[in-house]
Student: 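Mind looking over this structure? Questions follow.
Index from 1, following the sequence. All values reported here derive from a predicted model rather than from experimental measurement.
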Amino acid sequence: MLQFETLPALTGGTLLQAPAQAAAVHQLLLDSRRLGQPVGAVFFALQGPRHDGHRYLSELYSRGVRLFVVAEEAAISGGCAAFPEAGFLLVDDTLAALQALAAHHRQQFRLPVMGITGSNGKTIVKEWLAQLLSADELICKSPLSFNSQVGVPLSVWELNSTHTLGIFEAGISEPTEMARLARIIQPTLGVFTNLGTAHDAGFSSPRQKVEEKMHLFQDVDTLFYCADHSLVHEVARQQLSTRRTVLYAWTRQRFLFDAQQADVLISIHDASADRTVVHVERARPRPQEHTFTLPFADDPSVENALHCLVVLLWRQVAPAEIQRRLDRLQPVAMRLEMKQALNDCYVLDDTYNNDLAGLTLALDALARQPRRGRRALILSDVLESGLPAAELYARVAAQLTARGVERLVGIGPEISQNAAAFTGLEGAFFPHTEAFLAAFQPDDYHHETILVKGARRYGFERIVTAFQEKIHGTVLEVNLDALVHNLNFYRRRLQPGVKLMVMVKAFAYGSGSYEVANLLQFHRVDYLAVAYADEGVDLRQHGISLPLMVMNPAPDAFQKLRQYHLEPEIYSFELLKAYLRAAEEGPMPAIHLKLDTGMRRLGFGEEDIPELCRYLSENAFRLRVASALTHLAGADEEQHNDFSRQQLAAFHRMTPQVEEALGYPIIKHALNSAGIVRFPDEHIDMVRLGIGLYGVEATGQQQDALRPVSALRTTISQIKRLPAGQTVGYSRRGQAVDFERRIATIAIATPMGTIGASGTVPGKCS
């Protein structure tokens, strides 16, 4: 176990102050919101364009953290003397120090480690390999998609002497990054998944991107890749000797690839709606042929599964055993899902797996939920930790206490035998899932946020189903990971210092206002915007503390604005005068002035600016203006560029007059999601992200870079045959004119009733 005093030699840093007591390094901490056990936690004060970890030194010290790695001595408020029990290590670069420490940790282990990179599928391949090899190995792997300059060192830090195999993914977005990750992972095996367009902007050419990614594999004993990606094949042949590669080809038409070059040649033998049969020819160690059935039909899943299949063949797993393991392969749930449950409860569904690293991440997510009511955990046996049961569950208990979990339901023989470790918690233990479901009483749970975390073998999806309200079979599924991906897509395009307002109006475009707002608050956006005051009130009641702009404030809601500190958008003199009258009764929140530059719906026109400035000047003592905004009428279409520029010019004429009347600067913002992409020189002080966050790139230029956030699923109530010449529905509008159709009625309720969908293709159902 490393001691804090040894870190200067490993990082090239200077020990500013030794801790009051000798301290071993147990945990690498980067985020003050994810503090578990403070003892042994080393906080690295990372710096970036939008964050500075030095701001949280005092907060973490007050919470028990005593070990700090900093890049600025001057950033230690009050100097080291203000933290008498703390140890401080000064380094040139805190991220580089974090990576150096993780690289040193990796060097302590002489086990095979597989590194995975590529444009797509890294996380899926990693998770599937872990599933497929778990019968043979005790595996340490990256949690979720921890593949960045920060995520990789945190993943590798989890290696311990009980592991027999490591599987870590690595992702990069610009040159030189992979060399740093390679020093941390130090892989002995490698998988290059594929080559796509992800992160193309960070490289001068696809070849440079492949060459940079290939740095991960410079010292591997064996690299697995598909030669159908010709550029990957070419660079691998240039940089690695053929004896260090396992090359396979996958084509839908056999022998399009030169079979003499391939170690494994794979062709599609048969495919249906839910499975794919592949024929495999092996050249080494001796010629063999096999047929396997993959439980997937879509090309991305098939490609990911084939990577795993080739690894299993190389490990000489018997073909029958490979098929048995493939049959049990499950799609990877790439996110924690927040689901509404009975009795005003919410369920955080993480029924995908259960290891220590994943449990820590899930508990972090639970701790971030600001909803009122207590936090509960339903937990299965923690599998494959490599730790003695007593030590394992003592660690789990410490994590639960540190994160404020008040109720625990343990399911499984091992956790039940160690129930005594969970003192101070309301606890109940069951030997298996069936026993819990038999005893389940919904009235035992009210106003709670419940994390359901279980290894797949325990079938915890049945528990989630038991908790969910069953009104009907229609469900809107929201992928929060996709939402974060889209948020970061737009954030990367912002000019330095530009703030970000995100629209969560209209139930967050149907995605769930509270859940989305909570995630945005965690990711530190600057403002939220809602359509009506009651939406803002609901968010405040659920613990959302970000500044909130209300786009359609009504005078009868002004008291709610004051009570919940909601900032209204003021767009007319009538509304401004009413707000000033309300301000006579007590201080009111700041306002946002809507300026009409050409949309011609709401807002003060340019002709109104003199009178508006007079009102603002005369009432400066009881009115605070936070921002001025306008809305472009045609930002999403190039044909309206000239008009958009005219609007922006008008906005730039109007806002200086407003600021002069106020006597202080205000935030100015004009661009929506489309404008962020199309007018990067007009980001000004803030932009407003709306539909783009939810996966729609309105300009159509970069739709492939966004991910869909929502999926609407429902049930079919009945399927019928509609003979030719007959009709269906009100006013007989659905007609089977010239051929028989199959029609389905789906169970989606609308204000007008149930929707019926009729097929339009003979013999098909739509």
Student: Which heavy atom of Pro413 sits nearest a heavy atom of Tyr458, and at what distance?
Tutor: CD-OH, 3.9 Å
Student: Applying side-chain contact (heavy atoms from CB on, under 4.5 Å), run through Trp128 and Ser301 and close with a yes or a no.
Tutor: CA-CA 11 Å; Trp128 280 352; Ser301 294; 4.2 Å; yes
Student: Does Leu366 reach the side chain of Arg403, with side-chain heavy atoms less than 4.5 Å apart?
Tutor: no
Student: Output the distance between atom CG (Leu67) and atom CD (Glu85), rounded to the nearest 0.5 Å.
Tutor: 11.5 Å
Student: Check step by step if side-chain contact (heavy atoms from CB on, under 4.5 Å) holds for Val220 and Leu189.
Tutor: CA-CA 5 Å; Val220 299; Leu189 304 167; 5.7 Å; no
Student: Which residues pass the side-chain hydrogen bond (donor to acceptor under 3.5 Å, both in side chains) test with Glu406, sequence neighbours left out?
Tutor: none
Student: Check whether Phe109 forms a cation-pi arrangement with Arg106 (NZ or CZ under 6.0 Å from the six-membered ring centre, at most 45° off the ring normal).
Tutor: no
Student: Using every non-hydrogen atom in the two residues, find where Tyr490 and Leu693 come nearest and quote the distance to one decimal.
Tutor: CE1-N, 4.2 Å
Student: To the nearest 0.5 angstrom, please state how far the OG1 atom of Thr117 sits from the CG atom of Leu195.
Tutor: 10.5 Å
Student: Using a 6.0 Å cut-off, check whether atom CG of Asn488 has over 12 heavy atoms from anything other than its own residue.
Tutor: yes
Student: Keeping Asn418 on the side-chain end and Ala421 on the backbone end, is there a donor-acceptor pair under 3.5 Å?
Tutor: no
Student: Under 30°, 30 to 60°, or over 60°: which ring-plane class applies to Tyr61 and Phe83, parallel, tilted or perpendicular?
Tutor: perpendicular
Student: Using modelled atom types and a 3.5 Å cut-off, is there a donor and acceptor pairing between side-chain atoms of His215 and backbone atoms of Ala179?
Tutor: no
Student: State, yes or no, whether a side-chain contact exists between Leu159 and Leu111 at a heavy-atom distance under 4.5 Å.
Tutor: yes
Student: Would you kindly say whether Ser545 and Gln521 are connected by a side-chain donor-acceptor distance under 3.5 Å?
Tutor: yes
Student: Count the heavy atoms of every other residue, nucleotide or ligand shown that sit under 6.0 Å from CD of Glu5, and state whether that count exceeds 12.
Tutor: yes
Student: Please tell me if the side chains of Lys213 and Val235 come closer than 4.5 Å, counting only heavy atoms from C-beta onward.
Tutor: no
Student: Would you mind reporting whether Leu181 and Phe168 have side-chain heavy atoms less than 4.5 Å apart?
Tutor: no
Student: Is a side-chain N or O of Glu127 found less than 3.5 angstrom from the main chain of Ile124, in a donor-acceptor match?
Tutor: no
Student: Distance from Leu60 atom CG to Arg66 atom CZ, nearest 0.5 Å?
Tutor: 10.5 Å
Student: Val525 and Leu546: which non-hydrogen atoms are nearest, and at how many Å?
Tutor: O-CD2, 3.3 Å
Student: So, the side chain of Gln3 versus the backbone of Ala22: is there a donor-acceptor pair under 3.5 Å, distance only?
Tutor: no
Student: At their closest point, which heavy atom of Ile167 faces which heavy atom of Lys126, and how far apart are they?
Tutor: CG2-CG, 3.6 Å
Student: So, Asp526 side chain and Leu500 main chain: donor-acceptor pair closer than 3.5 Å or not?
Tutor: yes
Student: Judged by modelled atom types alone, do Glu414 and Tyr393 share a side-chain donor-acceptor pair under 3.5 Å?
Tutor: yes
Student: Kindly compute the distance separating CG (Leu132) from CG (Leu326), expressed to the nearest 0.5 Å.
Tutor: 6.0 Å
Student: Indicate yes or no: at least one non-hydrogen side-chain atom of Pro153 is less than 4.5 angstrom from one of Leu101.
Tutor: no
Student: Determine yes or no for a side-chain-to-main-chain donor-acceptor pair under 3.5 angstrom, with Thr449 supplying the side chain and Tyr346 the backbone.
Tutor: no
Student: Kindly give the heavy-atom pair with the smallest separation between Lys141 and Ala130, and that separation in Å.
Tutor: CD-CB, 3.5 Å
Student: Above 12 or not: heavy atoms from other molecules or residues under 6.0 Å from CD of Gln21?
Tutor: no
Student: Do Thr193 and Asn120 pass the side-chain contact (heavy atoms from CB on, under 4.5 Å) test, and can you show the C-alpha distance, the side-chain angles, and the key distance before you say yes or no?
Tutor: CA-CA 7 Å; Thr193 59; Asn120 304 104; 5.6 Å; no
Student: Students often mix this up, so state it plainly: with edges at 30° and 60°, are the rings of Phe422 and Phe429 parallel, tilted or perpendicular?
Tutor: tilted
Student: Under 3.5 Å, side chain of Gln17 to main-chain N/O of Ala86, donor-acceptor pair present?
Tutor: yes
Student: Apply the test side-chain contact (heavy atoms from CB on, under 4.5 Å) to residues Val150 and Phe44: give CA-CA distance (whole Å), side-chain angles for both, the deciding distance (0.1 Å), then the verdict.
Tutor: CA-CA 11 Å; Val150 170; Phe44 289 76; over 6 Å; no
Student: Got a donor-acceptor contact below 3.5 angstrom from the Thr94 side chain to the Ala45 backbone?
Tutor: yes
Student: Would you check if Val70 and Phe88 make a side-chain contact, meaning some heavy-atom pair closer than 4.5 Å?
Tutor: yes
Student: Do you know which two heavy atoms are closest between Phe489 and Ala705, and how far apart they sit?
Tutor: CE1-CB, 3.4 Å
Student: Just wondering, do Leu312 and Leu133 contact through their side chains at under 4.5 Å, heavy atoms?
Tutor: yes
Student: Can you tell if the side chain of Gln218 reaches within under 4.5 Å of the side chain of Gln239, non-hydrogen atoms only?
Tutor: yes
Student: Is the backbone N or O of Ala71 less than 3.5 Å from a side-chain atom of His54, with the two atoms forming a donor-acceptor pair by type?
Tutor: yes
Student: Nearest 0.5 angstrom please: Met114 CE to Leu223 CG, how far?
Tutor: 9.5 Å
Student: Roughly how far apart are Leu90 CG and Cys80 SG, rounded to 0.5 Å?
Tutor: 9.0 Å
Student: Please answer whether the main-chain N or O of Asn160 pairs with a side-chain N or O of His163 as donor and acceptor at a distance below 3.5 Å.
Tutor: yes
